[in-house]
Amino acid sequence: MDLWRKVVDLIIRPPRVEYEPERHLLGPKLNVGGAPYERVDFELHGPKGKLQCSHYRPSDPKAPAMPCVVYLHTNSGCRADANECAKMLLPGGICVATLDFGGSGLSDGKYISLGVRETEELAVLVEHLRAEGRTTKIGLWGRSMGAATAIKYGSTDPSIAGIVADSPFARLTDIMHELVDDYLASNRLAVPQFMKRLAISAVKQSVLSRGGFNIEDADYVAAAESNFCPALFGHGNDDDFVRPHHSERIFAAYAGDKNIVRFEGGHNDHRPEFFRNSVTIFFHNTLDPPPLPQPSDSIADSRAGPRTTFSPFSARDRASSSGPDAGAVAQASNYRPAPADVAKVVGMGFRSQDAELALRQHRSVELAIDWLVNRNAAPSTTQAQQSLAVSAEDAALAEAIMLSLREKPQAAHT
């Protein structure tokens, strides 16, 4: 029975990350494009105790309300996992909130529930954000357990503007069977099927007794059937923990506007640039952030000393994207961008006139898209109506653009 105890622990009591907010989270004071931002830490009361939460937002309490993405961590993650999300989205006028789920990080609780109780905890945070009155539209970005939680919560709250689901699992019972089969295979053990069924039934009772939830409730295919929020799915081709077919099953059942992106990498690998770009564009289109007074692509952490620049696209010299001088404007006025390049930028959801302006100034599809995203250029109404999520073709195009620029770098931006 040691095997089944290990399975139960893997499900409801994975290794718990330890961290210090002042050392491992961004802030608390940030400079975003010259505007003061802050990380506000607070506690909320969840179904099993206190939840530790953070909200990255403008420091000025009189600042206009802004859209917000809630980042939802993995089964052994914590709030620090949202750092990259904040770096990607804050420069585009989108705030970020996150929490340690119960049983994770610094929140109360001993056990997690793989999306069952986490859905209730997410509801507490969403209610708090709405009650504050500083948030307009809300999006969800979850990974693994966080992705499953986002899918289930979205089925109960159709006002969620968009969901990014990175490597969700279809059903917890399926994961259990796969984990058991993998364990037996790796240890060259042969166990009759009826014994596995009996053992998994025992695991189910143990999870109910120790974790306080029914594993049958962790069914995200069923949740997908009643979820109408726009969604972007992503999954690594080499994921051997939550295999890609889990996302495919949820995607097939999903009721709302949807797209799916596959990329190289495993369950815990860093996500490729083109997928992160797709996420940025997806939230830009679904959350419709307001124009920033002084837009910029930089975030400076008050603890970091010299200013550090982050971008939702590739990091490189941004001299040309910080705004052309008079000579550059005169030169740009005589330049006519290629129709194919304009079509590529328009295909990412921007108006044709904005695409032409950006290409006149930068003469590079990648830099033009980067410039438009950082300046919150309004997406084309027609494009937004046709697709509320980034299509597979858009993602492939973004990847091709990035690859082509790496293969033939421009001398001015190396």
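Start at 1 with the first residue, then count along the sequence.
Here the side chain of Glu118 pairs a donor or acceptor atom with the backbone of Ser113 at under 3.5 angstrom. Checked by atom type and distance alone, the side chain of Glu121 pairs as donor or acceptor with a backbone atom of Gly102 at under 3.5 Å. In this structure a side-chain-to-backbone donor-acceptor pair under 3.5 Å is present from Arg79 to Cys53.
Across all non-hydrogen atoms, the minimal contact from Thr135 to Ala65 is N-CB, 4.0 Å. Annotation for Pro28 and Glu22: closest pair CD-OE1, 3.6 Å, computed over non-hydrogen atoms. Between Ala86 and Leu26, the shortest heavy-atom contact is CB-CD1, 3.9 Å. Minimum heavy-atom separation, Leu129 to Cys68: CD1-SG, 4.2 Å. The nearest pair of heavy atoms linking Ser247 to Pro168 is OG-CD, 3.0 Å. Contact detail for Pro244 and Gly236: the closest heavy-atom pair is CG-O, 3.4 Å.
Between Phe275 and Phe263, the ring-plane angle classifies as tilted under the 30° and 60° cut-offs.
By the 4.0 Å N-to-carboxylate-O rule, Arg271 lies close enough to Asp166 to be salt-bridged with it. A salt bridge is absent between Glu120 and Lys48; no separation between the charged side-chain nitrogens and carboxylate oxygens falls under 4.0 Å.
Applying the ring-ring contact (aromatic ring centres under 6.0 Å, His included) rule to pairs touching residues 75-105 yields His73-Phe101, sequence neighbours excluded. Here ring-ring contact (aromatic ring centres under 6.0 Å, His included) pairs that include residues 202-229, with residues two or more places apart or in two chains, are Phe169-Tyr220.
In this structure Phe241 satisfies the ring pair (Phe, Tyr, Trp, His ring centres under 6.0 Å) test together with His267, sequence neighbours excluded. Take Glu264 and apply the side chain to side chain donor-acceptor pair (under 3.5 Å) test, not counting sequence neighbours, and it matches Asn237. Residues that satisfy the side chain to side chain donor-acceptor pair (under 3.5 Å) test with Arg243, not counting sequence neighbours, are Glu178, Asp182. Every side chain to side chain donor-acceptor pair (under 3.5 Å) that Asp41 has, sequence neighbours left out, goes to Arg39, Ser54. Applying the ring pair (Phe, Tyr, Trp, His ring centres under 6.0 Å) criterion to His55, with sequence neighbours excluded, gives no partner residue. Residues satisfying the side chain to side chain donor-acceptor pair (under 3.5 Å) criterion with Thr149, sequence neighbours excluded, are absent altogether. Applying the salt bridge (charged side-chain N to carboxylate O under 4.0 Å, His left out) test to Arg210 and every residue at least two apart in sequence or in another chain returns Asp9. Residues passing the salt bridge (charged side-chain N to carboxylate O under 4.0 Å, His left out) test with Glu132 are Arg57, sequence neighbours excluded.
In summary, of the residues considered (Phe233, Phe282, Tyr71), a ring pair (Phe, Tyr, Trp, His ring centres under 6.0 Å) with Trp141 occurs for Tyr71 alone.
The shortest distance between side-chain heavy atoms of Leu208 and Ile215 does not fall below 4.5 Å. For the pair Pro289 and Met66, the minimum side-chain heavy-atom distance is 4.5 Å or more. With a 4.5 Å cut-off on side-chain heavy atoms, Lys204 and Asn214 count as touching. Side chains of His235 and Ile260 form no contact here, defined as non-hydrogen atoms less than 4.5 Å apart. The shortest side-chain heavy-atom distance between Met88 and Val96 does not fall under the 4.5 Å cut-off. Side-chain contact check for His177 versus Arg171: every heavy-atom pair is 4.5 Å or farther apart.
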> Can Tyr56 and Leu89 be said to form a side chain to side chain contact (heavy atoms under 4.5 Å, CB included), step by step?
Replying inline: CA-CA 10 Å; Tyr56 296 92; Leu89 299 179; over 6 Å; no
> Can you check side chain to side chain contact (heavy atoms under 4.5 Å, CB included) on Leu51 and Leu125, steps first, answer last?
Replying inline: CA-CA 9 Å; Leu51 302 172; Leu125 177 54; over 6 Å; no
>> If you apply the rule side chain to side chain contact (heavy atoms under 4.5 Å, CB included), what do you find for Glu248 with Arg262, and how did you get there?
In response: CA-CA 10 Å; Glu248 293 168 358; Arg262 295 281 293 273; 2.5 Å; yes
Acceptor/donor pairs from residues 105-112 side chains to any protein atom, 3.5 angstrom cut, sequence neighbours excluded:
{"from": "Ser107", "atom 1": "OG", "to": "Gln52", "atom 2": "N", "distance (Å)": "2.9"}
{"from": "Ser107", "atom 1": "OG", "to": "Asp100", "atom 2": "O", "distance (Å)": "2.5"}
{"from": "Asp108", "atom 1": "OD2", "to": "Lys50", "atom 2": "N", "distance (Å)": "2.9"}

For residues 155-165, tabulate all N or O donor-acceptor pairs below 3.5 Å that involve a side-chain atom, not counting sequence neighbours.
{"from": "Ser155", "atom 1": "OG", "to": "Lys152", "atom 2": "O", "distance (Å)": "2.5"}
{"from": "Thr156", "atom 1": "OG1", "to": "Tyr153", "atom 2": "O", "distance (Å)": "2.7"}
{"from": "Asp157", "atom 1": "OD1", "to": "Ser159", "atom 2": "N", "distance (Å)": "3.1"}
{"from": "Asp157", "atom 1": "OD1", "to": "Ser159", "atom 2": "OG", "distance (Å)": "2.5"}
{"from": "Asp157", "atom 1": "OD2", "to": "Arg130", "atom 2": "NH1", "distance (Å)": "2.9"}
{"from": "Asp157", "atom 1": "OD2", "to": "Arg130", "atom 2": "NH2", "distance (Å)": "3.3"}
{"from": "Asp157", "atom 1": "OD2", "to": "Tyr153", "atom 2": "OH", "distance (Å)": "2.7"}
{"from": "Ser159", "atom 1": "OG", "to": "Arg130", "atom 2": "NH2", "distance (Å)": "2.5"}

